[in-house]
Student: 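After the structure tokens below, expect a handful of questions from me.
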Number of protein chains: 2
Amino acid sequence: MYQKKTPVQLDCGLHFFKELLNGKWKLMLVYYISKNLKRPSELQRKIPNADRRVMDQQLQELVLHGFINKKTFNTKVPKVEYELTELGEKLLPLILTIEQWGEENRFVLNKALEKDPKFENVV
Amino acid sequence: MYQKKTPVQLDCGLHFFKELLNGKWKLMLVYYISKNLKRPSELQRKIPNADRRVMDQQLQELVLHGFINKKTFNTKVPKVEYELTELGEKLLPLILTIEQWGEENRFVLNKALEKDPKFENVV
DNA sequence: TAGAATACGCATAAATTTATGCGTAATTGT
DNA sequence: ACAATTACGCATAAATTTATGCGTATTCTA
């Protein structure tokens, strides 16, 4: 397992958000779980670009950090469901705000990406 | 200069935020510039943990992406000032919301970090 | 009874971001 | 004259995150 080497900065609230929620799919996962897509396979179908193992890892971290709970059912076919914790619920308004900001400014943000040579092969 | 190789996902607004504002100090920089710390040296003093060259790079990207403007004064000692653009102003409420969320949940978020073995040497 | 679906996992490679070594130049204050 | 300040920049190393090769196991379905 990877361990961080560089001390983290936690002077202000922004850093907590960054350290805990920076993962590629984390915010989307919390969002979709709040929309009642609870099962790994459902989430997988909803976010097909996310590799299963990457998604798993991000879900594990969300559980470890207390944003979601994982319920395992010992049915014949093992079944897993996720649900938001209280902390996850508190995160939701932020996600909606960010999402809304992104959609409202999609046009200009897209232009921003397009004029960045770093993105020229991928956007 | 580095160029991305993996296609970016822009299905939802969350991705724009991630692609454009993921940098280690970007949100803090926008925040402090909004607080009238306009000059590089002022920002440097406010965020001493940020290496000058890393900070410079992040500022350059913020300019390129249209969140801030850079004004260069051709005075005897060259002087530089940053200011928020309209897009930067629109970003500000998000930053404040995230910051507030982080501070309100600082205790529990800190615990989350502490129980993550990945952070055990650095938090 | 073969194939699809469900879930979990280790080791490593590749991509990406962040840090740092080493420099340049002009001006101000002492 | 000399240290301190302001600003800019290239090349690479190091840290961190994301992706992928290769596997295990069980159960339902056609």
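Letters go in sequence order (proteins before strands), and every chain restarts at 1. All figures in this text were calculated on a predicted structure; none of them were measured in a lab.
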Student: Let me see the working for B:I98 and A:F16 under side-chain contact (heavy atoms from CB on, under 4.5 Å), right down to the final yes or no.
Tutor: CA-CA 9 Å; B:I98 294 171; A:F16 285 104; over 6 Å; no
Student: By the 4.0 Å heavy-atom rule, please label A:R39 as base, sugar-phosphate, or nothing.
Tutor: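 If one applies the 4.0 Å heavy-atom cut-off, A:R39 turns out to touch the sugar-phosphate alone, with no base involved.
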Student: Tell me the interatomic distance from A:K18, atom NZ, to D:dT17, atom C1', rounded to whole angstroms.
Tutor: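 Going from NZ in A:K18 over to C1' in D:dT17 covers 10 Å.
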Student: Counting just side-chain N and O atoms, does A:K5 come under 4.0 Å of either OP1 or OP2 of D:dA15?
Tutor: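 For D:dA15, OP1 or OP2 has a side-chain N or O of A:K5 closer than 4.0 Å.
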Student: Check this one for me: any side-chain N or O of B:K79 less than 4.0 Å away from OP1 or OP2 of C:dT27?
Tutor: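 For C:dT27, neither OP1 nor OP2 has a side-chain N or O of B:K79 closer than 4.0 Å.
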Student: In whole Å, what is the span from the CD atom of A:E19 to the P atom of D:dT16?
Tutor: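 Going from A:E19 (CD) to D:dT16 (P), I get 9 Å.
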Student: So, B:K35 and B:E42, do they make that salt bridge, N to O below 4.0 Å?
Tutor: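 No, this pair does not count.
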Student: Tell me whether the OP1 or OP2 atom of C:dA7 has a side-chain N or O from A:S41 closer than 4.0 Å.
Tutor: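 Looking at the OP1 and OP2 atoms of C:dA7, one of them is under 4.0 Å from a side-chain N or O of A:S41.
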Student: What is the distance, to the nearest angstrom, from the CG atom on A:L21 to the C1' atom on D:dT17?
Tutor: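 Going from CG in A:L21 over to C1' in D:dT17 covers 15 Å.
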Student: Rounded to the nearest angstrom, tell me the gap between atom CZ in A:R45 and atom P in C:dA4.
Tutor: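 That distance rounds to 15 Å.
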Student: Let me know, please, whether B:E81 or A:V54 comes out on the 5' side of the other along DNA chain D by nearest nucleotide.
Tutor: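 So the residue in question is B:E81.
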Student: Figure out the CG/P separation between B:D51 and D:dC8, and round it to whole Å.
Tutor: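 Between P of D:dC8 and CG of B:D51: 15 Å.
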Student: Can you tell me how far C1' of D:dA19 sits from CG of A:N49, to the nearest Å?
Tutor: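 After rounding, the reported distance stands at 13 Å.
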Student: Do side-chain atoms of A:Q3 reach the backbone of B:P117 as a donor and acceptor pair under 3.5 angstrom?
Tutor: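 Judged by distance alone, yes, a pair lies under 3.5 Å.
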Student: Assess whether a salt bridge exists between B:K38 and B:E83, defined as any Lys/Arg side-chain N lying under 4.0 Å from an Asp/Glu carboxylate O.
Tutor: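 No salt bridge links B:K38 with B:E83.
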Student: Starting at atom CD of B:Q44, determine the distance to atom C1' of D:dC8, rounded to an integer number of angstrom.
Tutor: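 Those two atoms, CD and C1', are 13 Å apart.
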Student: Mind checking if B:V80 touches a base, just sugar-phosphate, or nothing, with heavy atoms under 4.0 Å?
Tutor: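 Answer is sugar-phosphate: B:V80 comes under 4.0 Å of backbone atoms only.
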Student: Give the C-alpha distance, both sets of side-chain angles, the deciding distance and a yes or no for salt bridge (charged side-chain N to carboxylate O under 4.0 Å, His left out) between A:E120 and A:K115.
Tutor: CA-CA 8 Å; A:E120 80 180 1; A:K115 73 185 161 196; over 6 Å; no
Student: Give the minimum heavy-atom separation between B:E103 and A:D11, together with the two atoms involved.
Tutor: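 Heavy atoms only, the tightest pair is OE2-O, 4.0 Å.
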Student: Do the side chains of B:K118 and B:D116 get close enough for a salt bridge, i.e. N-O under 4.0 angstrom?
Tutor: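 So B:K118 does not pair with B:D116 through a salt bridge.
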Student: Is B:E114 salt-bridged to B:K111, going by a charged N under 4.0 Å from an acidic O?
Tutor: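 B:K111 and B:E114: not salt-bridged.
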Student: Starting at the 5' end of DNA chain D and moving along, which residue's nearest nucleotide shows up first, B:R53 or A:Y2?
Tutor: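 Of the two residues, B:R53 wins.
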Student: Counting just side-chain N and O atoms, does B:T6 come under 4.0 Å of either OP1 or OP2 of C:dT16?
Tutor: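 Checking B:T6 against C:dT16: at least one side-chain N or O falls below 4.0 Å of OP1 or OP2.
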Student: With no hydrogens and no angle check, just 3.5 Å: does a side-chain donor-acceptor pair link B:D56 and B:Q60?
Tutor: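 Distance-only check fails for B:D56 and B:Q60.
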Student: Just the dot-bracket of DNA chain D, please: which string comes out with Watson-Crick or G-U pairs under 3.5 Å, [ ] for crossing, | for another strand?
Tutor: ||||||||||||||||||||||||||||||
Student: Is B:K79 positioned over the aromatic face of B:F73, cation under 6.0 angstrom from the ring centre and no more than 45 degrees off axis?
Tutor: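 Yes, a cation-pi geometry holds between B:K79 and B:F73.
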Student: Under 4.0 Å, heavy atoms only, any strand: does B:K118 hit a base, just the sugar-phosphate, or nothing?
Tutor: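 Sugar-phosphate, no base atom in range.
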Student: Strictly below 4.0 Å, heavy-atom distances to any atom of DNA chain D: list the hits from residues 55-73 of chain B, or just say none.
Tutor: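 The stretch gives B:K70 as the residues lying under 4.0 Å from the strand, ordered by number.
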Student: Please report, rounded to the nearest Å, how far the P atom of D:dG23 is from the CZ atom of A:R52.
Tutor: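 Result: 14 Å.
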